[in-house]
Amino acid sequence: MIQQRIAYVAYGAGLLCLLSACSSPPPMVQGPTSVRPAYPVANVENNGAIFRVSSAQLFEESTTHYVGDILKIDISESLTGSNKSTTSNSRDTALKQVGPGAGSSMSGLLASVFNINATASGSDSFKGSGQTDNSNSMTGSLMVSIIEVLPNGNLVVAGEKRIGMNGSINTLRFSGVVRARDIRGGNVVSSSNVADARLEQVGGGTVADANSQGWMQQFFRSILTFW
């Protein structure tokens, strides 16, 4: 009997693990984050000249970008949002009813009905307020690769940076679309000039595990919670 219960618990725990894995949010930055450039074709046409077109990039910065080239994204994002609402209403109700008066021939209950003089009053009020503030900021830099050159000349870029220290891994991923004219000197692009920008920071390791519940804790919590 005990072994059967243990088997049921293990089965439920495995099922919950699979469900939690399926319900985990997908990464924001999808697809490759780096790509190798195409190998250039050797320039066999020289004609004895010292200057070659293929060697011109040694002395000046090229304005043409190809798949595999490296750009530097200057990340400076600051998002601030605030939502505040206040509701207040009240209502007062007063009612007065006076009868027409009973005649001399009326008595008893009928007379009390015609001689009625009643008043009633009531009031209700409601007040509510709420406020939500959200502020996020991130600064830094990240080197990305040109993944694709679109037909209109825009550049699809993506890249990631991983830092591991004492068993903890911090991963920063970025992707987006860059216009060639927004590239400054030194192949630097501001993150505010990137279209369809996706920036995510993912942590893993002992610190990230300590800030989240394990699948076994989630399993027993779902079983032992009745309300």
Side-chain angles (χ1 to χ4, degrees), residues 17-43 52-81 133-215:
C17 181
L18 294 176
L19 292 177
S20 62
C22 295
S23 61
S24 59
M28 295 177 56
V29 179
Q30 300 180 358
T33 56
S34 63
V35 63
R36 291 182 178 272
Y39 290 97
V41 180
N43 187 7
R52 295 183 181 180
V53 177
S54 60
S55 62
Q57 297 181 0
L58 298 176
F59 307 99
E60 61 183 4
E61 186 174 349
S62 176
T63 56
T64 306
H65 300 86
Y66 303 95
V67 173
D69 289 352
I70 303 297
L71 300 179
K72 182 179 181 181
I73 303 297
D74 186 10
I75 301 174
S76 180
E77 297 292 335
S78 179
L79 300 176
T80 302
D133 296 325
N134 187 12
S135 178
N136 297 306
S137 63
M138 179 177 292
T139 58
S141 61
L142 178 65
M143 305 298 290
V144 297
S145 301
I146 297 178
I147 305 300
E148 182 183 0
V149 179
L150 301 179
N152 59 355
N154 292 340
L155 311 174
V156 180
V157 299
E160 71 174 7
K161 178 189 294 184
R162 289 190 178 187
I163 300 176
M165 182 179 297
N166 294 331
S168 299
I169 300 177
N170 192 1
T171 304
L172 179 64
R173 298 190 184 97
F174 183 88
S175 67
V177 181
V178 177
R179 295 183 302 183
R181 61 183 178 182
D182 292 330
I183 302 176
R184 306 194 304 265
N187 288 330
V188 180
V189 182
S190 175
S191 61
S192 59
N193 292 330
V194 179
D196 196 18
R198 298 186 180 184
L199 176 63
E200 65 176 350
Q201 185 175 5
V202 182
T206 56
V207 177
D209 294 339
N211 292 330
S212 61
Q213 289 186 346
W215 59 269

For residues 192-202, which side-chain N or O atoms pair as donor and acceptor with protein atoms under 3.5 Å away, sequence neighbours left out?
| from | atom 1 | to | atom 2 | distance (Å) |
| --- | --- | --- | --- | --- |
| S192 | OG | S190 | OG | 3.0 |
| R198 | NH1 | M28 | O | 3.2 |
| E200 | OE1 | M28 | N | 3.2 |
| E200 | OE2 | V29 | N | 3.4 |
| E200 | OE2 | R173 | NH1 | 3.3 |
| Q201 | NE2 | N170 | OD1 | 3.3 |

Once you round to the nearest 0.5 Å, how far does CD1 of I73 lie from CG of L172?
11.0 Å
Are L150 and V177 packed together at the side-chain level, in the sense that at least one heavy-atom pair is separated by less than 4.5 angstrom?
yes
For K72, the option from V188, I183, V144 that meets side-chain contact (heavy atoms from CB on, under 4.5 Å)
V188
Would you mind telling me which of V156, D69, V178 makes a side-chain contact (heavy atoms from CB on, under 4.5 Å) with I146?
D69
Test of understanding: with side-chain contact (heavy atoms from CB on, under 4.5 Å), list the residues that count as partners of N134, not counting sequence neighbours.
N136
Tell me, please, which residues at least two apart from N152 pass side chain to side chain donor-acceptor pair (under 3.5 Å).
none
For residues 138-150, which residue pairs qualify under salt bridge (charged side-chain N to carboxylate O under 4.0 Å, His left out), counting only residues two or more places apart or in two chains?
none
Return the set of residues passing side chain to side chain donor-acceptor pair (under 3.5 Å) with D74 (not counting sequence neighbours), or none when no residue passes.
none
Looking at OG1 of T80 and CG of D133, how far apart are the two atoms once the value is rounded to the nearest 0.5 Å?
9.5 Å
Applying side chain to side chain contact (heavy atoms under 4.5 Å, CB included) to R179 and L155, what does each step give before you reach the verdict?
CA-CA 6 Å; R179 295 183 302 183; L155 311 174; over 6 Å; no
First locate atom CG of N187, then atom CE of M143, and finally report the distance between them rounded to the nearest 0.5 Å.
8.0 Å
Distance col, row E160:CD vs L142:CG, nearest 0.5 angstrom, shows 9.0 Å
Contacts of S191 that satisfy side chain to side chain donor-acceptor pair (under 3.5 Å) - sequence neighbours left out:
E77
